[in-house]
Amino acid sequence: MAAELTAHQLIEQHRPTLDQALEAIRTRAYWSPHPEHPKAYGENGSLDAAAGKAAFDALLGSRLDLGQPGTDDWVGGETSPYGIELGVTYPHAAVDTLLPAMRAGQRAWRDAGAEMRAVVCLEILKRISDRTHEFAHAVMHTSGQAFMMAFQAGGPHAQDRGLEAVAYAYVEQVRTPDDAEWTKPQGKRDPLALTKRFTPVPRGIALVIGCNTFPTWNGYPGLFASLATGNAVLVKPHPRAVLPLALTVQVAREVLAEAGFDPNLVALAAERAGEGIAKTLATRPEIRIIDYTGSTAFGDWLEANARQAQVYTEKAGVNTVLVESTDNYKGMLSNLAFSLSLYSGQMCTTPQNLLIPRDGIRTEEGPRSYDEVVADLAKSVGGLLGDDARANGLLGAIVNPDVKARLESAAGLGAVALASREIANPEFPDAVVRTPVIVKLDGAKPDDQAAFMNECFGPVSFAVAVDSAADAVALLRRTISSKGAMTVGAYTTSEEVEEAVQEACLEECAQLSLNLTGGVYVNQTAAFSDFHGSGGNPAANAALCDGAFVANRFRVVEVRREA
């Protein structure tokens, strides 16, 4: 197939964006080329709201033929958490045919160089961005996110994370020059002279194992980091959330072909019901990189068994907020209430344990006892979600029956400070929508520790009474070191307590947010500025995104000759 996108065209169009991304990761300032507001779309080839919804509707009940080699069946079966049968079918791959086909295009992709790979990746992201409204519906109806969250987190925020990975990949690859002249003086003898050529060489085929809750946001960093460093990428979506990543593969294959590269550099591995192909793929010798988001059990299995691959995992953690004192009590409660409620707590960054001294806290309004703080937080959550329409817009839908079961069983773990209630969604009557539950536990009781020291993924939070701020910091430290944490929060007006919390997070390697009372929340991070996870505690062995996330996806191979 003749190339429709020349190197000159791609570099001219996308090099300015790449340069802005490089500057953003250097300064850590706010920047995004992808609009967050739905009304920003509809011009310059992008789909507006109506066209995006129509495009999504046209996918329902269709066969998504990607033109991949080795297709031996058609599989599907996704049901939206909102009750819609998607009915989309995808190619099922004969792996022994597909993997060799994917490797065939790697030489030309390697030889294209870091800049060309980067701008091809940016063209893929641009085309995905133009279809953000369509992708938003795909994310919404596979993850259960409410539409606005699916639009932003599944669209521009995911695209930002993909672009961020491309920027880091470019930096690491150009750190070493392409060519060098080397001369070593030899005194009275002629100098030794060599010419040296340095080439970033990909590891091989990368496997992206997608998650149910954030298929694009969690999938794009690994996908684009591997692709930008010269690797072919096989995308294995979660069986409940295939559509967003299948559309991503479709776009990537189209762009690669138009740019003159083998479209099989990116392919989809959809699976039959109950097939469980992730373990089989993960241990294939051709798979040299794995990106995984999901349960600790399977993440640990990958780290132990996929020995031929470089494995990047984001697993489970027990996120903790320490509440010792505040000079903005209402702001603190409001901020926490939103953090606990957003997407029904189905985020890897949602706070679970709230550590509160049993003697209470200091506020600008006077002291508040432990019971008063918990009651006031429950009231704040109740007020935030009191209007059903507003609640549906914040909560979305429960993503799967396991989350619902954990929510229902949590009420039996201790005294319930805030009971979960069922909310009807008039637009989607079959959606399972539940408000959060807050359970009071005692940090000194072994039975209570057994409950709050393990992740309870979903809209479940534990208000844990502790003896003192020092005990809270000690428990925080133990939680991070033994269970991991994607996020930590703290509220304190004490310099001493702040220093202790900060030191605990530095030593145990956890990302910390202090005294958030406004429109920034502990469970949200911004690409190009914030690191998602640290890679330094059991919750994840990698951070999104830093140099370590991309640098080991390739190796520099040197060829030297006498000058």
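What you are looking at is a predicted structure, and each value in this text was computed from that prediction instead of being measured.
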For the pair F147 and H133, name the ring-plane relationship: parallel under 30°, tilted 30 to 60°, perpendicular over 60°. parallel
Between W31 and E23, is the side-chain contact (heavy atoms from CB on, under 4.5 Å) condition met? List the steps. CA-CA 9 Å; W31 176 75; E23 179 67 6; over 6 Å; no
Are T248 and Y220 linked by a side-chain donor-acceptor pair shorter than 3.5 Å? yes
Contact summary for S129 and Y41, nearest pair of heavy atoms: O-CE2, 3.3 Å
Any donor-acceptor pair under 3.5 Å from S339 side chain to N523 backbone: no
In short, S481 meets P538 closest at the heavy-atom pair O-CG, 3.5 Å
Decide side-chain contact (heavy atoms from CB on, under 4.5 Å) for L163 and H34; before the verdict, give the C-alpha distance in whole Å, the side-chain angles of both, and the deciding distance to 0.1 Å. CA-CA 10 Å; L163 175 54; H34 303 114; 4.3 Å; yes
Check whether any side-chain N or O of S46 sits under 3.5 Å from a backbone N or O of E43 as a donor-acceptor pair, and report yes or no. yes
Kindly indicate whether the side chain of M148, heavy atoms from C-beta on, has any atom under 4.5 Å from the side chain of P38. yes
Between CD on residue Q524 and OG1 on residue T487, distance to nearest 0.5 Å: 11.5 Å
Less than 4.5 Å apart, side chain to side chain, heavy atoms only: is that true for L86 and V242? no
Calculate, to the nearest 0.5 Å, the distance between atoms CZ and CD belonging to F457 and Q346 respectively. 5.5 Å
Hey, what do you get for CG (L322) to CG (L514), rounding to the nearest 0.5 Å? 10.0 Å
Mark yes or no: R28 above the aromatic ring of F531, with NZ or CZ under 6.0 Å from the six-membered ring centre and no more than 45 degrees from the axis. yes
salt_bridge(D471, R358) N-O dist < 4.0 Å: no
Is there a donor-acceptor pair under 3.5 Å between the side chain of Y370 and the backbone N or O of A463? yes
Are the side chain of R390 and the backbone N or O of L384 linked by a donor-acceptor pair below 3.5 Å? yes
Any idea which heavy atoms bring S420 and R434 closest together, and the distance? OG-CB, 3.6 Å
Does a side chain donor of either T326 or R368 reach within less than 3.5 Å of an acceptor in the other side chain? no
Out of the candidates Y312, W301, F298, only one should pair with Y292 under the ring-ring contact (aromatic ring centres under 6.0 Å, His included) rule; please name it. F298
Taking the side chain as C-beta and beyond, is there a heavy-atom pair between H532 and M486 under 4.5 Å? yes
CD (E314) and SG (C348) are apart, to the nearest 0.5 Å, by 4.0 Å
Does a donor on one side chain and an acceptor on the other come within less than 3.5 Å for Q159 and T132? yes
Point-to-point distance, once rounded to the nearest 0.5 Å, from OH of Y170 to CG of L18: 6.5 Å
Please test E455 against T296 for side-chain contact (heavy atoms from CB on, under 4.5 Å), starting from the C-alpha separation and ending with a verdict. CA-CA 10 Å; E455 186 191 40; T296 296; 5.8 Å; no
Below 4.5 Å, heavy atoms only, C-beta onward: do K330 and L333 meet side chain to side chain? no
Closest non-hydrogen atom pair between I480 and A485, with its separation: CG1-CB, 4.2 Å
Exactly one of V464, V374, V321, V373 clears side-chain contact (heavy atoms from CB on, under 4.5 Å) with L354, and that residue is V321
Side chain to side chain donor-acceptor pair (under 3.5 Å) assessment of R421 paired with T435: CA-CA 5 Å; R421 69 182 182 93; T435 63; 4.9 Å; no
Below 4.5 Å, heavy atoms only, C-beta onward: do Y329 and I361 meet side chain to side chain? yes
For the side chain of N212 and the backbone of T142, is there at least one donor-acceptor N/O pair under 3.5 Å apart? yes
What's the shortest heavy-atom distance between T213 and S143, and which atoms? O-CB, 3.2 Å
Without hydrogens or angle criteria, can the side chains of S461 and Q352 be said to hold a donor-acceptor pair below 3.5 Å? no
Check R477 with E507, please: is the shortest side-chain N to carboxylate O separation under 4.0 Å? yes
Examine distances only and state if a side-chain atom of T216 and a backbone atom of G154 form a donor-acceptor pair shorter than 3.5 Å. yes
Might you work through the side chain to side chain donor-acceptor pair (under 3.5 Å) test for E36 and H157, ending with a clear yes or no? CA-CA 8 Å; E36 287 185 312; H157 297 171; 2.5 Å; yes
Does the side chain of K126 come within less than 4.5 Å of N44's, by heavy atoms? no
Tell me which one of N515, T363, T493 satisfies side-chain hydrogen bond (donor to acceptor under 3.5 Å, both in side chains) with S325. T493
Please say which of N353, N454, N319, N537 ends up in a side-chain hydrogen bond (donor to acceptor under 3.5 Å, both in side chains) with K483. N454
State, with a plain yes or no, whether a side-chain heavy atom of L342 is found less than 4.5 Å away from one of T350. no
Look only at the side chain of E324 and the backbone of I356, and say whether a donor-acceptor pair between them is shorter than 3.5 Å. no
To the nearest 0.5 Å, what is the distance between CD1 on I209 and NE2 on H238? 11.0 Å
Measure up the F428 and Y82 rings against each other and bin them: parallel (under 30°), tilted (30 to 60°), perpendicular (over 60°). tilted
Does the S513 side chain pair with the main chain of G489, one donor and one acceptor, at a distance under 3.5 Å? no
Under 3.5 Å: donor-acceptor pair, side chain of D448, backbone of L441: no
Any chance you could lay out the side chain to side chain donor-acceptor pair (under 3.5 Å) test for T313 and E303, step after step, and finish with the verdict? CA-CA 8 Å; T313 58; E303 291 171 2; 2.5 Å; yes
Flag if over 12 foreign heavy atoms under 6.0 Å of CD, E496: no
Mind listing the closest non-hydrogen atom pair of V550 and C545 along with its distance? CG1-SG, 4.4 Å
Between T525 and L544, does the side-chain contact (heavy atoms from CB on, under 4.5 Å) criterion hold? Intermediate values first, please. CA-CA 10 Å; T525 58; L544 305 180; over 6 Å; no
Just by distance, do the side chain of R553 and the backbone of F549 share a donor-acceptor pair under 3.5 Å? yes
Do the non-hydrogen side-chain atoms of L413 and V460 ever get within less than 4.5 Å of each other? no
Which is it for D402 and R406 under the salt bridge (charged side-chain N to carboxylate O under 4.0 Å, His left out) test, yes or no, and what are the steps along the way? CA-CA 6 Å; D402 292 340; R406 281 193 294 271; 5.3 Å; no
